[in-house]
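When a ligand or atom number is given, it counts from 1 through the structure's own listing order.
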Amino acid sequence: MNSKIAIIGGGASSIAFIDAFIEKQTSNSPSPINITVFEKSKDLGPGNAYQGDAESNLLNTKAGYITIFKDKPGDFFQWLTLYRYRWQPLYPNLQVAENSYAPRPLFGMYMANAFDRIVKKAFMKNIIVKVIRSEVIQLTENSDPLPITLKTLCQQSFKFNSVIVACGTLSKSPFSPPINSQIHHTPYPISTLRRNIEKSDSVAIIGARLSAIDAVIGLIENGHHGKITLFSRSHLFPFVRGTQGRYKNTYLSAEFITQHYTSLTLSQLSQLFIKEMCHYQQMHPQECSEEIVFPPTPIKDLSKFLSSEMVKANQNRGWQAILYDTNSILALVWEMLKDADKARFMTTMMSAAMSMRVSIPYENASKIKSYIDNGQLEYIGGDTQIETCAKNILSVKYQGGVSHADSIVYAVGSPRDIYLSDSELIRNMVDTNIAKAHKFGGIDVCNTSYALLNKKGKRSASIYAIGEVTHGCFLFTSALDIIVKHAHNCAKSVHHDLNTYTQHALAV
Ligand SMILES: Cc1cc2nc3c(=O)[nH]c(=O)nc-3n(C[C@H](O)[C@H](O)[C@H](O)COP(=O)(O)OP(=O)(O)OC[C@H]3O[C@@H](n4cnc5c(N)ncnc54)[C@H](O)[C@@H]3O)c2cc1C
């Protein structure tokens with residue numbers, strides 16, 4: 001196999017893909033494989049999530065559990081110990097334990113090192129990894145022996161056998177209305193937000209999930225003293241992470257589900273969850289059991305909610321361990337649900353599920369509570385509408401009134417509609433029918449091979465996608481262990497397709 005592969009994006013998916021591809025490659029392969037990684041930012045490895053930014057952006061996974069290498073559990077923590085001399089001067093006051101939540105930029109340093117390590121490891125298997133620092137804006141398919149032409153922002157063209165789209169979380173386009181220099185379409189990097197927002201500004205943050213919390217803490221820890229208001233459309237806020245470790249599910253597991261079901265309904269899923277909870281309690285009789293209400297009660301008083309959550313977070317929270325372990329079956333469960341149940345889940349349950357599933361460290365909960373208690377932060381639930389009045393004054397209209405703001409920050413994650421995203425590449429791919437927008441968000445891929453599907457459902461022979469752009473197919477992709485799993489599965493399928501292609505070419 002003498003192949004040319006391109007990966008668009010040099011973040012976690014890219015590293016995990018190369019790692020998996022190396023595994024597949026036999027060490028005595030005579031002809032080299034060329035992998036070209038296209039990255040639009042200056043760094044290779046950290047991607048959007050772990051870029052050099054405010055120290056207050058914390059991981060939501062404990063330092064001892066997070067790793068980019070599938071077969072090296074605890075790799076990040078080992079790296080922290082080995083490379084203390086590198087990171088400690090930048091974080092002189094930081095104490096990291098296996099159970100603590102490290103700053104994400106520190107994890108980014110580990111990811112940059114992981115990228116270097118993987119390039120060297122690839123070389124040993126005759127895989128040459130090259131990097132081009134440029135944004136890819138277009139892909140075209142043709143019938144050449146190298147069937148994909150890739151075009152960069154500086155109008156250079158390159159040809160490849162296979163292309164893997166791994167461009168991470170897309171932000172809301174800065175050109176999506178309303179346009180105003182004081183409306184920020186993403187909170188990241190927080191360091192840019194800090195520069196562009198006056199410390200005395202009244203700030204409205206649209207969204208109340210992890211990125212909104214990063215924005216509030218990042219601004220206030222930098223001396224922001226103006227009022228900040230968090231607007232939560234769902235009336236919810238993330239739950240607080242307990243002290244539990246990992247747990248292996250018995251009923252909410254691939255083995256049990258595939259043995260007992262051919263398809264699933266939401267009510268069967270909820271029964272499986274209750275069964276798993278009972279099993280967990282039998283296995284951990286010494287732990288206090290919590291009553292789980294789903295969907296959670298809308299929050300009226302955030303300080304009260306956080307007080308109660310912080311008490312509970314001082315102990316093990318079995319339901320969180322169970323939910324975490326479902327990372328390994330989410331794609332399977334999503335595939336087994338009927339479309340009507342998927343749509344119902346997306347419209348009526350997704351926000352509630354996210355508030356419980358993607359919880360926050362105690363440390364962040366305690367900071368948010370203190371800002372609420374001292375009156376600097378306000379929390380408002382319900383739908384909002386942004387308005388620009390005369391003299392360019394911004395206001396946020398909500399059910400109970402209108403709030404004027406000097407700056408507005410959207411902290412709402414990847415836009416479901418890819419046309420509202422900042423990715424010219426993905427918009428072009430959909431426009432030219434190389435890809436199809438998925439009805440639940442992102443673009444559509446075959447859920448076993450990760451090959452793109454076009455509007456007619458035809459599978460691309462050479463273009464694949466992994467990571468957040470595929471979240472409509474897999475429901476939830478925003479956790480490193482899920483990203484790594486998909487990258488490994490995709491590498492297996494790309495390796496297989498390239499081998500088949502080579503054998504076919506040799507035969508004719
Ligand atoms: C803010 C945030 C915090 C997170 N925190 C955690 C956490 O604590 N724990 C956890 O388990 N998971 C977390 N995740 C989820 C997950 O681990 C990350 O999203 C993961 O890094 C995604 O990897 P990726 O390679 O798919 O995307 P990224 O790491 O974002 O990499 C994509 C790369 O592609 C580049 N790119 C994009 N478009 C182009 C283009 N057209 N041309 C060239 N380059 C391009 C980008 O510059 C970027 O470097 C977080 C996600 C986010 C967004």
Please determine whether the number of non-hydrogen atoms from other residues, nucleotides or ligands lying under 6.0 Å from atom NZ of Lys492 exceeds 12.
no

Can you tell me which residue among His496, His488, His486 is in a ring pair (Phe, Tyr, Trp, His ring centres under 6.0 Å) with Tyr450?
His486

For atom 45 (C) of ligand 1, what is the closest protein heavy atom, and at what distance to 0.1 Å?
Lys40 CG, 3.7 Å

For atom 5 (N) of ligand 1, the protein heavy atom that lies nearest, with its residue and separation:
Arg104 CD, 3.7 Å

Which ligand 1 atoms, with their elements, are less than 4.0 angstrom from a heavy-atom of [X]?
X      : answer
Ser134 : 42 (N), 43 (C)
Leu59  : 8 (O)
Thr169 : 53 (C)
Asn60  : 6 (C), 7 (C), 8 (O), 9 (N), 10 (C)
Tyr188 : 1 (C)
Gly11  : 25 (O), 29 (O), 31 (O)

Would [X] count as a contact residue for ligand 1, given that I'm defining contact as a non-hydrogen atom of the residue lying under 4.0 Å from a ligand atom?
X      : result
Ala479 : yes
Tyr50  : yes
Ala487 : no
Glu424 : no
Ser211 : no

Of the choices Thr61, Ile137, Ile7, which has the non-hydrogen atom that lies closest to atom 9 (N) of ligand 1?
Thr61

Check Gln95 against Ser100 and note the closest heavy-atom contact, atom names and distance.
O-OG, 4.3 Å

Between Ser355 and Phe237, which heavy-atom pair has the shortest distance, and what is it?
CB-O, 3.6 Å

Would you say the side chain of Leu59 lies within less than 4.5 Å of the side chain of Tyr50, judging by non-hydrogen atoms?
yes

Between [X] and ligand 1, is there a nitrogen or oxygen pair with a distance under 3.5 Å?
X      : value
Leu58  : no
Glu39  : yes
Glu468 : no

Given side chain to side chain contact (heavy atoms under 4.5 Å, CB included), test Leu146 with Lys4 step by step and report yes or no.
CA-CA 8 Å; Leu146 289 172; Lys4 291 178 80 179; 4.2 Å; yes

Just heavy atoms, cut-off under 4.0 Å: does Leu480 contact ligand 1 by side chain, backbone, both, or neither?
both

Check each heavy atom of Ser423 against ligand 1 and say whether those closer than 4.0 Å belong to the side chain, the backbone, both or neither.
neither

Please step through side chain to side chain contact (heavy atoms under 4.5 Å, CB included) for the pair Val165 and Leu139, ending with a clear verdict.
CA-CA 10 Å; Val165 179; Leu139 297 179; 4.3 Å; yes

Scan side-chain atoms only and decide if Thr326 and Asn249 contain a donor-acceptor pair under the 3.5 Å cut-off.
no

For Lys72, is there an ion pair with Asp19 - N to carboxylate O distance below 4.0 angstrom?
no

